[in-house]
Amino acid sequence: MFTIKGKTGEWELVIGLETHIEVLSNSKLFSGASADYNPTVPANTQVSFVDAAMPGMLPVLNEFCVEQAIRMGLGLNAEISRTSKFARKQYFYPDLPQGYQISQPAEEPPVVGRGWIEIMSDDGKPKKIFIERAHLEQDAGKLKHDMNPTKSFADYNRTGVALLEIVTFLDIKNPENNSFITSPDEAETYLREIRDIARALDVSNANMEEGSMRADVNVSVRRAGTNEFGTRTETKNMVSFKFIKTAIEYEARRQIEILENGGTVSQDTMRYNQADGTTSVMRSKEDALDYRYFPDPDLLPLIIEDETIENIRKTMPELPAATRARYVKELGLTEYDAARLTETVEISNWFESAIGDKPTRAKPIANWIISELFAHPEHCVLDKSLQRDDSLRIITPSDLAELVDMIATNDVNGKMAKDIFIKMLDGENGSPKQIAEKFGLKQMSDNGAIESVINEVIAKNAPQVEQYKSGKVGLIGFFVGAVMKATGGTANPEIVNKILKDKLS
Ligand code: ADP
Ligand code: MG
């Protein structure tokens, strides 16, 4: 269990996350305007009369956005409400033409109810994180303050795009139930899992850098071993895993210091200051906003039929957690490898296509992808949000399969394989086998040929042979090096080792 040491003892963290993901759909939640997230689209070109809040315009619920919410709900193992409602959340700010945001009220069931996901806890054991709810709401527009010294501009392209807000659950009545996030690392793991599920389901790009995923971070602290929850603060609108972790830790330490000095934590809304990694009060509970929620008279209750849910359930793909479990159990990968290879569907598809029908390729291919391909994503699309550069030599799953097979059959050693890989990155066409042939990269695996080189090396280095025989076995490296040098790096190191040891003993 993650704890922070204060002056007077250990403290535990209690963390609640409200995660917003922007729903992928052609049009917005209540209007026909395009919901395409694309920063190159000129400002205010994807705004309908509904989004601009022209008088008399009526919102029409986008059925596809509801299906997306149901899909995500099923991915969160959650109950789907058969009836839910939309309400107006009033606030006045230039990013909101309507003067209210259409959302689903906290007091009533939202479209997605209680659920859970499983994450790897800090103790390396799987842990369930309970979800309280997920509701649909409208996104706001974007204000630009840096275009003119005295004016601000508003871009309403994003206004009205569907957001799904996913809120984690704290079991206030059963405080010993630890199914919540308790450390900065777990917060990151949880968010990555939400992201991976959303991507696997095509519900959202869930990309923090692009703003299609953001989180409000609630933090409180309590003395280690106690069950009572402390007063929390909420840090708004976090858009990077790194900042979220820094903010949680800073906020926890700040609260611990207050409590240890006999003070009380006040339930404030905080902002995160990127420049120095601190948090500061944005507004206190006393001036909490009164949103005056009231039912939206323009929208009927949302009724979802069992059949709709069942039809969506039938089309659910394997989720990242199940894929990971399969990679660990059936392919013998580590949890870490499995997690990296299931970050996007593109990666796991690429990986599985490289394995083909040879599971023995799994581990070496996993290693190549994680340590080499991830460093060169432009050569193969492993993430939909990245652009493949077709002017480059594309590395395909079958290229990598051929390469690891060449190592497995001792046609090339690891060093040569790396050379072939680098040649591919540099634009060399042809399959790995053809490249190997062209550049004469062939491992010497013929025992007889290797043995004669070894004989020469032994003859030339009599003093070292003496030392080795008298117990300086560390010299084996010297002999292997000499043989490799004499063969221009082409000898099979395993065979060299074996014959050398035989001869020297
Ligand atoms: P709101 O912020 O709109 O009032 P909630 O009361 O539902 O919404 O809480 C938001 C998030 O804060 C939830 O994820 C919840 O689990 C979490 N939370 C509530 N109480 C605490 C607490 N004492 N410590 C940490 N997180 C908390
Ligand atoms: Mg909140």
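Counting starts at 1 for both ligands and their atoms, following the listed order. All heavy atoms count here, side chains included; hydrogens, waters and symmetry mates do not.
The proximity of L17 to ligand 1, defined as any non-hydrogen pair under 4.0 Å, is limited to the backbone.
Nearest residue to atom 9 (O) of ligand 1 from E132, R222, R232 is R232 (criterion: closest heavy atom). Nearest-residue assignment for atom 15 (C) of ligand 1 (options T168, N218, I172; heavy-atom criterion): T168.
When the options F130, W116, F229 are evaluated for a ring pair (Phe, Tyr, Trp, His ring centres under 6.0 Å) with F180, the one that passes is F229.
Ligand 1 places these atoms under 4.0 Å from at least one heavy atom of G230: 23 (N). Counting the atoms of ligand 1 from 1 in the order shown, those under 4.0 Å from a heavy atom of V167 are 13 (C), 14 (O). Short contacts between ligand 1 and G16, defined as distances under 4.0 Å to a heavy atom of the residue, involve ligand atoms 14 (O), 17 (C), 26 (N).
Using a 4.0 Å cut-off between a side-chain N of Lys or Arg and a carboxylate O of Asp or Glu, K85 and E108 qualify as a salt bridge. Of the charged side-chain nitrogens involved, none lies within less than 4.0 Å of a carboxylate oxygen, so that K89 and E137 do not count as a salt-bridged pair. Note on E118 versus R324: no salt bridge recorded, every NZ/NE/NH1/NH2 to OD/OE distance being 4.0 Å or above. A salt bridge does not link E257 with R254: every distance from a Lys NZ or Arg NE/NH1/NH2 to an Asp or Glu carboxylate oxygen is 4.0 Å or more.
On a distance-only criterion, E234 and ligand 1 share at least one N/O pair closer than 3.5 Å.
The aromatic rings of Y291 and Y91 stand perpendicular to each other, their planes meeting at an angle above 60°, with 30° marking the opposite boundary.
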